[in-house]
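When a ligand or atom number is given, it counts from 1 through the structure's own listing order.
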Amino acid sequence: MTPDFTTSPEVQEALDQSRPVVALESTIITHGMPYPQNLETARLVEQEVRQSGAVPATVAVINGDLCVGLESQALEALAQTTGVAKLSRADLAVCMALGGTGSTTVSATMIAANLAGIAVFATGGIGGVHRGAEHTFDISADLQELAQTPVTVVCAGAKAILDLPKTLETLETLGVPVIAYGQDALPAFWSRDSGLTAPLRLDEPATIAASHKMRARLGLPGGQLIANPLPQTDEIPLEILAPLIAQAHSEAEEQDITGKQVTPFLLRRIYELTKGQSLAANIALIRNNARLAAQIAVELYR
Ligand code: PSU
Ligand code: MN
């Protein structure tokens, strides 16, 4: 049985020629940012990957097709469509079987990347253990995926809307290496320092690539999580964010926001409460992650 996915001509050519490719997710486009900044950012991110010597492969399900690499028009249509499904491991196959359209979260993008033979993936922030998870059991499927799918995921740390200590503990239990890039502290998405020390630190794309290969040689099934601090000029210090995050959380609770809606709701409220500053930081960090992911992919093929 052939794997059920479609690669764009550009991505297929790169894979055929063993040239570096970086997978990109699409939930950040449909659920993480407003239009038109989402489309502009998606294009800038693809450009960053190209400028650093790799080919970008944005992943989404379009009319039942699992697309690895989106052509410009498909990307534009996805960015403008509202009410698109947000797909994780659990609902990817149902969406495809019904011929539906959906954006892929970190978990579903990792599945697609692995199917296509893409080893590196850049995103903004991963999902994790939500605050209050001891009551809600809200733990992102992204964590399980990192435990079982061998893709190196570059993010800016976990979002400060999550419970970061519980997220780290869970990743340790699952055997996922959490590697801060170029510093000891675990970055927290909009801030460079979460106040927690990352379990691991690497300073070079080459060593990140080497440890990716070493995991494969050991037969370890899961991926690596690279936490790349955003550029200093774009960061929002935790002291400023903390009260806004607390406010967004109590609003989510009051309004009974649950399940898949939680993350998009919190991101949208923080965007509003920071008067757009969180979006500027989000754009800067995803571009920064795309560059590092491309550098790692280049090293993997060297
Ligand atoms: N980071 C962002 N915006 C997003 C996400 C991450 O800046 O929209 C998405 C990612 O696709 C991630 C998902 O996989 O949120 C996690 O959702 P949940 O917490 O429902 O598992
Ligand atoms: Mn959740």
Considering heavy atoms of the protein only, find what lies nearest to [atom] and give residue, atom and distance to 0.1 Å.
atom: atom 21 (O) of ligand 1; answer: S140 OG, 2.7 Å
atom: atom 7 (O) of ligand 1; answer: F189 CZ, 3.1 Å
atom: atom 8 (O) of ligand 1; answer: G32 CA, 3.6 Å

Do ligand 1 and [X] have nitrogen or oxygen atoms that lie under 3.5 Å from each other?
X: G259; result: no
X: K260; result: no
X: D142; result: yes
X: E25; result: yes
X: A141; result: no

- Could you grab the distance from atom CG of L202 to atom OG1 of T207, nearest 0.5 Å is fine?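 L202 CG to T207 OG1: 4.5 Å, rounded to 0.5 Å.
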- With the Mn ion (ligand 2) as the reference point, give the N/O/S atom of D138 that is nearest.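 Looking at D138, the N, O or S atom with the least distance to the Mn ion (ligand 2) is OD1.
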- Task: Flag the pair K166 and E169 as a salt bridge only when some basic side-chain nitrogen lies within less than 4.0 angstrom of an acidic carboxylate oxygen.
- Result: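 The answer is no: the pair does not qualify as a salt bridge.
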- Query: Got a salt bridge between K213 and E299, using NZ or NE/NH1/NH2 to carboxylate O under 4.0 Å?
  - Reply: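 The answer is no: the pair does not qualify as a salt bridge.
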Determine yes or no for a side-chain-to-main-chain donor-acceptor pair under 3.5 angstrom, with [X] supplying the side chain and [Y] the backbone.
X: D91; Y: V94; answer: no
X: T6; Y: D65; answer: no
X: T149; Y: L146; answer: no
X: S191; Y: I236; answer: yes

Which of the ligand 1 atoms, numbered from 1, are nearer than 4.0 Å to a heavy atom of [X]:
X: T105; answer: 11 (O), 14 (O)
X: H130; answer: 19 (O)
X: V106; answer: 11 (O), 12 (C), 14 (O)

The one among [options] that brings a heavy atom closest to [atom]:
atom: atom 9 (C) of ligand 1; options: T30, T27, V153; value: T27
atom: atom 19 (O) of ligand 1; options: L266, T263, L267, D138; value: T263
atom: atom 17 (O) of ligand 1; options: R268, K86, M110, K159; value: K86

- Task: Determine whether more than 12 heavy atoms belonging to other residues, nucleotides or ligands lie under 6.0 Å from atom CD of Q232.
- Result: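 Incorrect, the count does not exceed 12.
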- Query: Is N282 touching ligand 1 with its side chain, its backbone, both, or neither, if touching means heavy atoms under 4.0 Å apart?
  - Reply: side chain
- Going by heavy atoms in the side chains, are Q144 and L174 under 4.5 Å from each other?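 Of all side-chain heavy-atom pairs linking L174 with Q144, at least one is under 4.5 Å.
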- Taking a hydrophobic cluster as the set of Ile, Leu, Val, Met, Phe, Trp and Tyr residues connected by side-chain heavy atoms closer than 4.5 Å, whether directly or through intermediates, do I126 and L168 fall within one such cluster? yes
